[in-house]
Structures are given as C-alpha cells and as structure tokens.
Amino acid sequence: MTSPITLEDSACAQDVAPPLHPAAILASDADALEAAHALARAAEAGVIQRDRERRLPWELVERFTASGLGSIAVPRAFGGPQLSYLTIAEVFRIISAVDPALGQIPQNHFGLIGLLHAAASPAQQQRLFASVLAGWRIGNGGPERGSKHTLDIQARLIQRGGRWLLSGEKFYSTGALFAHWVTAKALDDQGRPWLAFVQRGRPGLRIVNDWSGFGQRTTASGTVLLDEVQVDEGNLVPLWPLTDKPSIQGAFSQLIQSAIDLGIADGALRDAIAFVRDKARPWIDAKVERAGDDPYVITDVGRLQIELHAAEALLHKAARVLDETVAAPIDADAAARASIAVAEAKALTTEISLQASEKLLELAGSRATLAEFGLDRHWRNARTHTLHDPVRWKYHAIGAWHLNGNRPNRHSWI
C-alpha cells in the first residue's frame with residue numbers, strides 16, 4: 001500500500017485523511033498476542049529496507065488497526081475489550097522487537113486513549129471510543145520546538161463568531177500522519193490547557209513528514225501545522241482538572257515507552273546471538289574455531305540476557321501494578337505507586353536497550369557494520385527512542401519515593 005499523502009501534498013495541499021477500513025474487536029488477551037505475533041512476522045521481511053529508505057509502513061499500520069489491536073485498551077463500559085495492561089505491554093514488546101518504529105506509531109494512540117479515560121466527559125468517551133472501535137486512529141500533535149520545555153504551550157484556542165479555532169505548530173507528532181484524529185494541546189484566553197481532537201481533512205490543518213531523526217526513521221514524527229482550524233466544541237477535552245485528579249495516565253504512557261525499549265533490546269540481542277553464531281570470526285587470542293566459543297563473548301551474552309530478563313520482569317510487574325490499581329478507586333498514593341513501578345521498569349528497559357544495541361556491534365565485529373545487515377538500526381532506534389524523557393529523572397523519582405515518601409509529579413512522563 002502506498003501512502004495516501006506525500007510529503008509534497010502534506011506541505012502545500014489540503015490535508016487528506018487516510019482511508020477508513022473495518023476493524024475487528026479482539027475478545028481475549030490470547031487473541032491480542034496472536035495478532036501481535038502475526039503482525040511482527042509480516043513486518044520482519046522489509047524492516048531493514050524500510051529503515052534505510054525511510055519508507056513508511058502504511059500497509060502494516062492498516063493491518064495493525066484491522067486486526068483489532070488499536071482498540072484493546074478501550075474500556076468495556078464503552079464496548080471495548082479492555083485487555084490487561086500486561087497484554088498491552090507485551091503487544092508493544094512483540095512488535096518492537098522486529099520494528100520499533102512500527103511499535104512507536106500507535107504509542108500516542110494508546111496514550112490518548114488513557115488520557116480520554118482520565119479527562120473526557122462520558123459523552124466524549126462514548127463517541128470517541130466508538131470511533132476507535134470503528135477503526136479510527138488517534139495521532140498526536142506533539143510538543144513545540146523552540147519552547148522552554150515540553151509543557152510550555154504556545155498553541156492557542158480562541159472563540160470567534162461562535163466557533164472554536166485552533167492555531168499553532170507542533171513537532172514530534174508520532175502517529176499524526178497515519179491518524180484519523182489529530183490531537184493538540186492549546187491554551188484558551190484564560191490560560192487553561194485543552195486537548196483538541198481535530199478530524200483529518202479540516203481546512204487549516206497540515207501534516208508535514210519532515211522527521212529527520214537518525215533513528216525511528218519511519219515513524220513520520222514530524223510537524224503538525226494548525227492555522228485557525230475549526231474544532232467542534234464536543235471535541236475539546238479540558239486538561240486542567242487533571243492536576244487535582246489522581247490517575248494512571250502518565251504511568252500507562254510510560255509503560256508503553258518501556259515496552260518499546262524492551263522490544264528494541266530483545267531484537268538487538270537476538271540479532272547479536274545470530275550474527276555471532278553464523279557470521280562473526282573469533283578473536284585470535286581466544287584460540288577457538290567459532291566466535292560463539294570465545295569465553296568473553298559468552299560472558300557478555302550471559303550478562304545481557306540476565307539484564308534483559310530483569311527488565312522484562314520489572315515491566316511485567318509494573319503492568320500488573322497498573323492492572324491492580326485500576327481495579328479499585330485511584331487515590332494519590334495508588335497513582336504514585338503505579339508511576340514508581342513503571343519508572344523502575346523504564347530505568348532498566350532504557351539501560352538494556354542501549355547496552356544490547358551497543359554490544360551487538362562490539363561482539364559481532366567490524367563486519368556487522370556493513371549496510372547490508374542493517375544492524376546499526378538497533379542502536380539508532382534505542383538511542384532515539386530513549387530520549388523521550390531522561391532516565392536520570394526516573395532514578396530521582398524512585399529515590400525520592402522510597403527515601404522520603406515524595407509522590408512524583410503528575411504528567412505524561414512519570
């Protein structure tokens with residue numbers, strides 16, 4: 001499938017929504033895991049070429065949605081399967097172990113489902129969750145370049161002639177090009193933050209595929225331009241009440257980030273083992289016939305495998321904490337425990353994704369740097385994706401909680 005919108009089109013013509021196709025609704029955790037494995041198998045064949053040529057995975061994104069994976073987080077109260085957080089994390093790990101760019105594309109879709117659950121009215125939830133069940137994808141108009149920090153919002157929402165108009169420029173907009181809804185945060189004339197759901201094709205909306213990052217090359221995480229785009233009043237979600245409302249919205253968002261990082265590590269270590277077994281040459285001082293018999297290589301692989309399993313265990317533990325947290329009313333301490341559990345997982349998944357992708361090249365040797373093998377993509381993807389939020393602040397939040405009982409801040413990055 002070719003992209004329904006080209007870079008040139010996105011830069012100068014009216015925005016065009018992707019086609020909408022029917023989507024299944026998965027009935028069980030097992031069905032979701034099976035669908036994730038099937039998508040991963042389909043993604044594997046062209047992953048190196050897609051990365052090399054920055055070829056967007058339109059067909060695979062459509063397959064993701066058609067399979068029903070896009071709606072597995074929709075609450076049962078609104079007709080969704082509401083599968084476990086453990087399953088959701090595993091779905092992202094499975095896909096990202098093969099193609100973490102494909103894993104990242106729906107990352108904001110899921111994060112925004114969590115935000116809808118935390119902040120939207122029941123009527124908004126009913127309508128917007130129904131659209132997700134029908135196959136609509138949600139993309140993100142991300143943070144703004146040139147601002148002081150990620151929460152410094154320059155986009156504005158004004159009312160004129162009975163219409164709500166949204167203007168601003170967003171970047172890091174992963175998923176927006178593939179989406180049917182584009183969301184953007186903006187401030188009203190009272191300085192209050194809103195989340196606007198904009199239907200694709202609205203006049204004044206443009207999406208530019210100008211993502212030039214050296215990793216996660218096929219996520220189309222570029223620019224969203226908004227020039228007095230009309231937003232239906234019912235599609236405006238107030239965000240300022242979240243300040244006083246404990247939720248797991250941030251923890252859920254970070255759980256998915258962690259699962260993607262773990263997938264990168266999993267794929268890197270898998271490729272390292274295969275290359276050492278089949279292609280690498282032993283070092284002369286090892287005096288062995290096979291690189292796989294080098295005692296230092298064996299030790300490094302063992303250490304990486306242990307660290308991978310440790311990160312996986314913490315990710316699964318964090319997912320179970322989220323499952324337990326939502327089973328009861330969420331108070332401030334419950335929300336904090338969920339955030340800290342995910343932060344502990346994120347600390348390790350960040351470290352192992354970087355270590356495994358770096359060690360891959362070290363253990364496999366000079367031949368592994370050849371373009372034909374595409375192994376450098378693991379490190380580029382790990383280094384790029386782990387920059388979403390600094391892991392040093394995870395360690396700080398964890399220490400502050402355990403040492404002094406300080407709850408972490410409430411936002412999407414903890």
Side-chain angles (χ1 to χ4, degrees), residues 3 5 7 10-11 15 51 54 56-57 61 92 96 99-115 137-156 166-187 193-198 200 205-227 229 239 249-250 252-261 263-264 346 350 353 377 380-391 393-394 411-414:
S3 165
I5 184 168
L7 174 58
S10 68
D15 180 62
D51 172 79
R54 293 186 181 269
L56 301 182
V61 171
F92 275 87
S96 299
D99 186 349
L102 179 61
Q104 189 186 346
I105 287 167
Q107 164 188 304
N108 287 321
H109 172 92
F110 277 75
L112 289 159
I113 287 175
L115 192 53
R137 291 184 293 271
I138 308 174
N140 186 41
E144 301 170 7
R145 287 191 291 189
S147 57
K148 293 180 180 178
H149 48 72
T150 192
L151 291 177
D152 180 20
I153 300 172
Q154 301 299 317
R156 291 296 182 264
L166 175 63
S167 296
E169 180 175 335
K170 303 289 187 174
F171 194 61
Y172 305 111
S173 303
T174 304
L177 189 65
F178 303 93
H180 304 91
W181 291 110
V182 173
T183 64
K185 294 177 182 178
L187 302 181
W194 296 80
L195 181 68
F197 278 73
V198 179
R200 291 292 300 278
L205 171 65
R206 288 188 292 154
I207 300 176
V208 184
N209 181 18
D210 57 348
W211 173 245
S212 62
F214 62 65
Q216 300 295 86
R217 287 177 169 178
T218 61
T219 58
S221 301
T223 300
V224 169
L225 300 169
L226 302 144
D227 183 11
V229 178
L239 295 180
Q249 183 266 324
F252 179 34
S253 177
Q254 288 295 297
L255 184 78
I256 294 172
Q257 303 268 26
S258 302
I260 295 170
D261 292 340
I264 294 172
K346 185 68 164 64
T350 294
S353 65
R377 75 185 189 280
R380 289 187 286 100
N381 290 334
R383 183 64 282 176
T384 299
H385 190 263
T386 56
L387 294 175
H388 273 84
D389 44 275
V391 74
W393 280 95
K394 304 296 185 189
H411 51 59
S412 298
W413 300 275
I414 187 67

Non-hydrogen atoms of [X] and [Y] that approach each other most closely:
X: Ala184; Y: Leu166; answer: CB-CD2, 4.1 Å
X: Ser96; Y: Phe92; answer: OG-O, 2.8 Å
X: Leu205; Y: Asp15; answer: O-CB, 3.2 Å

Problem set entry | Listed partners of Glu169 passing salt bridge (Lys or Arg N to Asp or Glu O under 4.0 Å), at least two apart | none

Which residues pass the side-chain hydrogen bond (donor to acceptor under 3.5 Å, both in side chains) test with [X], not counting sequence neighbours?
X: Asp99; result: Arg50
X: Thr223; result: Asp210
X: Thr386; result: Arg383
X: Thr174; result: Gln104, Ser221

Not counting sequence neighbours, which residues clear side chain to side chain contact (heavy atoms under 4.5 Å, CB included) with [X]? List them please.
X: Leu187; value: Ile153, Arg156, Pro193
X: Arg217; value: Asp51, Arg54, Arg380
X: Ala220; value: Leu56, Leu177, Phe178, Asn209
X: Ala176; value: Ser173, Val182, Ile207, Val224

From [atom1] ([X]) to [atom2] ([Y]), nearest 0.5 Å:
X: Lys394; Y: Lys346; atom1: NZ; atom2: NZ; value: 6.0 Å
X: Asp227; Y: Leu225; atom1: CG; atom2: CG; value: 8.5 Å
X: Asn140; Y: Ser412; atom1: CG; atom2: OG; value: 9.0 Å

By ring-ring contact (aromatic ring centres under 6.0 Å, His included) - contacts of [X] (at least two apart):
X: Trp413; result: His411
X: Phe171; result: none
X: His109; result: none

Exercise. Given side chains that start at C-beta, do those of Trp194 and Leu239 come closer than 4.5 Å, heavy atoms only?
Worked result: no

